[in-house]
Amino acid sequence: MCTALSLTAKDGSHLFGRNMDIEYSFNQSILLTPRRFDYKNRATGEMNQTKYAVIGMGTIIDEHPCYAELFNEKGLAAAGLNFPNYAHWDEKAIEGKTNIPPYDLVLWVTANFETVQEVKEALKDVVLVDVPVNEQTPIAPLHWMICDKTGESIVVEKTVNGLSVMDNKVGVLTNAPTFDWHLTNLTQYMGLTSTQPKDTTLGEQELHPLGQGLGAFSLPGDYSSPSRFVKAAFLRNNIDYANVNYSGISEFFHILNGVAMVRGSVVTPQHLNDITLYTSCMDQERGIYYYNTYTNHTISAINMHNEDLDAKEIKSFKFNDEFAVTLQN
């Protein structure tokens, strides 16, 4: 379960990030992979090299960086979200094609390209091969949201019907069903408005609103994928920025907080609690990765341009999950 979001701030900067909704920690940390870093392509056995430096949340498995979401020094960002019962991978690599394991798609995209248009063209040649990073780590069923710093966004899905690349004009992605289904479902909510309803009559009976706060009446509030998609899209479309610094960052976190999971509200079939483990927000122009966690609501920030992007090794930043309070007296 997850929600991804893109947003254009009041100052024109572009933001991209996600809620990571999950029932366990995956040994995550913020990973900065430098330019010209060599990593093994599990689908082909060949070594690949990054063209651009990238930063995002991930984990290292057998010396291999596995990212949940990330962006590069040129502002291109990508995230993988859970896509159960729909994701389908090719059994074998195909000669003459670009063969990639599904978990490496976000790294391959951001390590090599600068714009969504470049990615669209390159995806025509991609085969997603069913090869795990190791025997202990099964491949997650994923689909992806990819955005550049012009605000252009796409959704990529691989099902039994093939690879689909769809323009994302609502700036939101959640989980199953498919993205086109979510767009159709949005039409069920065309009448939603953020404004207070006015007095009206039904027959001869006068009807008055029962107090304030009735904007967005009937907006879904549960944690299902369709409901989170509708709610995030509605909040994004109705955002009203404050005339203060970092308003875009603040509102970004508020939108995703509106669809975040509270411990105990979503229990898995294995009797585990789904929670929003962390929320990330990437400033695509400035190269800053922001995040906060379920335990620590304070926003942490890492600026990739304060680091050596030509380093030889991956740099890891601790996942800052300790409860924090600002004491004022």
Side-chain angles (χ1 to χ4, degrees), residues 2 4 18 20 22 24 26-29 31-72 76-113 116 118-146 154-166 173 175-176 178-179 314 316:
C2 295
R18 60 102 59 80
M20 172 59 79
I22 198 167
Y24 56 85
F26 55 95
N27 196 30
Q28 67 280 348
S29 61
L31 303 176
L32 174 61
T33 300
R35 304 168 184 141
R36 294 177 291 280
F37 179 82
D38 293 321
Y39 67 96
K40 187 176 181 179
N41 183 330
R42 261 55 174 184
T44 64
E46 300 171 350
M47 297 302 294
N48 290 163
Q49 187 176 84
T50 61
K51 179 180 180 182
Y52 300 119
V54 301
I55 188 171
M57 193 72 75
T59 187
I60 297 177
I61 303 175
D62 292 348
E63 301 182 355
H64 189 90
C66 296
Y67 283 96
E69 82 283 339
L70 74 171
F71 71 133
N72 67 20
L76 183 67
L81 283 74
N82 197 30
F83 193 43
N85 303 318
Y86 287 88
H88 178 80
W89 316 129
D90 295 288
E91 293 184 6
K92 298 179 180 179
I94 299 176
E95 186 176 352
K97 296 289 186 177
T98 303
N99 297 285
I100 306 170
Y103 48 85
D104 270 353
L105 183 64
V106 291
L107 176 59
W108 176 77
V109 163
T110 55
N112 289 287
F113 304 106
V116 164
E118 292 175 354
V119 175
K120 279 184 175 181
E121 188 62 31
L123 284 171
K124 295 176 182 178
D125 208 38
V126 163
V127 175
L128 295 173
V129 187
D130 192 5
V131 179
V133 66
N134 64 21
E135 293 182 358
Q136 293 75 41
T137 311
I139 302 176
L142 298 171
H143 61 173
W144 300 270
M145 184 170 170
I146 303 169
I154 56 174
V155 170
V156 179
E157 295 178 342
K158 175 65 167 63
T159 67
V160 292
N161 297 318
L163 187 70
S164 298
V165 180
M166 297 160 280
L173 183 64
N175 310 107
T178 56
F179 181 64
I314 295 173
S316 176

Practice task
Apply salt bridge (Lys or Arg N to Asp or Glu O under 4.0 Å) to Lys120 and list each qualifying residue two or more places apart in sequence or on a separate chain.
Solution key: Glu152, Asp167
Handout entry: Test item: Val54 and Phe37 side chains (from C-beta on) under 4.5 Å apart, heavy atoms
Key = no
Fill in the blank from the handout: For residues 82-93, the salt bridge (Lys or Arg N to Asp or Glu O under 4.0 Å) pairs (sequence neighbours left out) are Asp90-Lys158
Practice task
Carefully, step by step, assess Asp130 and Ile139 under the rule side-chain contact (heavy atoms from CB on, under 4.5 Å).
Solution key: CA-CA 8 Å; Asp130 192 5; Ile139 302 176; 3.2 Å; yes
Exercise for the section: Please examine the side chains of Val127 and Ile100, heavy atoms only from C-beta on, and report whether any two atoms are closer than 4.5 Å. Expected result: no
Exercise for the section: Verify the neighbour count for atom CD of Glu95: are there more than 12 heavy atoms of other residues, nucleotides or ligands below 6.0 Å? Expected result: no
Handout entry: Close side-chain approach of Pro132 to Thr137, heavy-atom, < 4.5 Å
Key = no
Practice task
Indicate yes or no for a side-chain donor-acceptor contact from Gln49 to the backbone of Tyr39 under 3.5 Å, with no hydrogens or angles considered.
Solution key: no
Exercise for the section: Would you give the length of the straight line joining atom CG of Asn48 to atom CG of Asp38, rounded to the nearest 0.5 angstrom? Expected result: 9.0 Å
Exercise for the section: Report the C-alpha distance between Ile314 and Leu32 in whole Å, list the side-chain angles of each, state the deciding distance to 0.1 Å, and finish with yes or no for side-chain contact (heavy atoms from CB on, under 4.5 Å). Expected result: CA-CA 6 Å; Ile314 295 173; Leu32 174 61; 5.9 Å; no
Handout entry: Distance-only side-chain donor-acceptor flag, Asn41 / Glu46, under 3.5 Å
Key = no
Exercise for the section: Kindly check if the number of other-residue, nucleotide or ligand heavy atoms within 6.0 Å of CZ (Phe26) is above 12? Expected result: yes
Problem - ring-ring contact (aromatic ring centres under 6.0 Å, His included) contacts touching residues 81-104 (sequence neighbours left out) - result: Phe83-Tyr86, Phe83-His143, Trp89-Trp144
Completion exercise
Glu121 meets the salt bridge (Lys or Arg N to Asp or Glu O under 4.0 Å) criterion, sequence neighbours left out, with Lys124
Practice task
Please report the shortest heavy-atom distance between Ala111 and Thr50, naming the atom on each side.
Solution key: CB-CG2, 3.7 Å
Problem - Side-chain touch Ile154/Leu123, heavy atoms, less than 4.5 angstrom - result: yes
Problem - Shortest non-hydrogen separation from Thr59 to Asn27 and the atoms involved - result: OG1-O, 3.3 Å
Completion exercise
In terms of heavy-atom contacts, Val133 and Cys66 come closest through CG2-SG, 4.2 Å
Handout entry: Leu107 vs Leu70 side-chain heavy atoms within contact, under 4.5 Å
Key = yes
Problem - Closest heavy-atom pair and its distance - Ala78, Ile146 - result: CB-CG1, 4.0 Å
Completion exercise
Nearest heavy-atom approach of Ala122 to Val126 is O-CG2, 3.6 Å
Completion exercise
The complete set of side-chain hydrogen bond (donor to acceptor under 3.5 Å, both in side chains) pairs with one or both residues in residues 61-70, sequence neighbours excluded, reads Arg18-Glu69, Thr33-Tyr67, Arg42-His64, Asp62-Asn134, His64-Asp104, Glu69-Tyr278, Glu69-Ser280, Glu69-Tyr289
Handout entry: Donor-acceptor contact below 3.5 Å, side chain Asn99 vs main chain Lys97
Key = yes
Problem - Separation of Leu76 CG from Phe113 CZ (nearest 0.5 Å) - result: 9.0 Å
Fill in the blank from the handout: Note: Met20 and Cys2 closest approach over all heavy atoms is SD-SG, 3.8 Å
Problem - Asn82 versus Asn175, side-chain donor and acceptor atoms under 3.5 Å - result: no
Handout entry: Nearest-0.5 Å distance that lies between atom CG in Leu128 and atom CH2 in Trp108
Key = 9.0 Å
Problem - Set of residues satisfying side-chain hydrogen bond (donor to acceptor under 3.5 Å, both in side chains) with respect to Arg35, sequence neighbours excluded - result: Glu73, Asp310
Exercise for the section: State, with a plain yes or no, whether a side-chain heavy atom of Leu81 is found less than 4.5 Å away from one of Leu142. Expected result: no
